[in-house]
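A short worksheet on the structure shown next.
Along the sequence shown, residues are numbered consecutively beginning with 1. As the structure is a prediction and not an experimental result, all values here were calculated from the model.
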Amino acid sequence: LKTINDGYGHGEGDAAIKAAVGIIKGALRKGDAVARLGGDEFAILLNIATREELHMVAGRIESAVRQYNDTSGKEYRLSLSLGVDLFWEDGDANVDSVIRRVDRLMYDNKQAKRRRMEDVVQ
């Protein structure tokens with residue numbers, strides 16, 4: 001988001017956030033929820049029971065981002081880093097611990113994407 005704001009202005013940054021929300025909502029099912037935590041961070045709550053379902057939803061979101069980038073005509077590409085986990089699997093299952101854990105997973109996902117991009121550039 002910082003790159004979009006710096007390169008294209010805050011209006012385009014706001015449009016990118018709205019596009020990201022639309023992409024996420026489009027990949028979810030009725031009854032799922034998305035909320036903006038702040039800046040360019042969102043929380044998505046899903047009523048699912050298995051890791052397979054969790055990864056299917058994450059895959060739908062990633063696929064929708066690729067499709068958006070292929071068809072938007074924007075000079076920049078949106079990129080979402082996802083941290084996903086099941087709430088009920090945590091022995092210390094409270095909202096704060098789950099948010100901390102998925103935030104760490106999201107950061108790990110973001111770092112892995114950066115490393116892949118560095119490998120492509122080299």
Going by side chain to side chain contact (heavy atoms under 4.5 Å, CB included), name the residues that satisfy it together with D6, two or more places apart in sequence or in a different chain.
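D6 satisfies side chain to side chain contact (heavy atoms under 4.5 Å, CB included) with K2 only.
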
If you round to the nearest 0.5 Å, how far is [atom2] of [Y] from [atom1] of [X]?
X	Y	atom1	atom2	value
I4	H10	CD1	NE2	12.0 Å
R114	S81	CZ	OG	7.5 Å
E75	E12	CD	CD	9.0 Å

Does V84 share a hydrophobic cluster with M106, counting links as ILVMFWY side-chain heavy atoms below 4.5 Å and allowing steps through other members?
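In one cluster with V84: M106, no.
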
Please list every donor-acceptor pair under 3.5 Å in which a side-chain atom of residues 13-25 meets a protein atom from a residue at least two apart or in another chain.
none

Minimum heavy-atom distance between Y76 and N69, given as atom pair plus value:
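Shortest heavy-atom contact: O-OD1, 4.4 Å.
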
Shortest non-hydrogen contact from L54 to L46?
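For L54 and L46, the tightest heavy-atom pair comes out as CD1-CD1, 4.2 Å.
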
Side-chain heavy-atom pair Y68, K74 within 4.5 angstrom cut-off
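Yes, their side chains come closer than 4.5 Å.
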
So L105 and R101, do their side chains get closer than 4.5 Å, heavy atoms only?
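SC-SC contact between R101 and L105 confirmed.
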
Let me check something: any side-chain donor-acceptor pairs from residues 55-67 under 3.5 Å, sequence neighbours excluded? List them with distances.
| from | atom 1 | to | atom 2 | distance (Å) |
| --- | --- | --- | --- | --- |
| R60 | NE | A27 | O | 2.9 |
| R60 | NH2 | A27 | O | 3.0 |

Check this for me: N47, atom CG, are more than 12 non-hydrogen atoms of other residues, nucleotides or ligands nearer than 6.0 Å?
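For N47, atom CG is not crowded (no more than 12 foreign heavy atoms under 6.0 Å).
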
In terms of heavy-atom contacts, does OH of Y107 have more than 12 from other residues, nucleotides or ligands at under 6.0 Å?
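12 or below, so no.
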
Donor-acceptor check, side chain of E53 to backbone of T50, threshold 3.5 angstrom: yes or no?
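Confirmed, E53 side chain pairs with T50 backbone.
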
Is R29 salt-bridged to D32, going by a charged N under 4.0 Å from an acidic O?
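Counted as a salt bridge, because a side-chain N and a carboxylate O are separated by less than 4.0 Å.
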
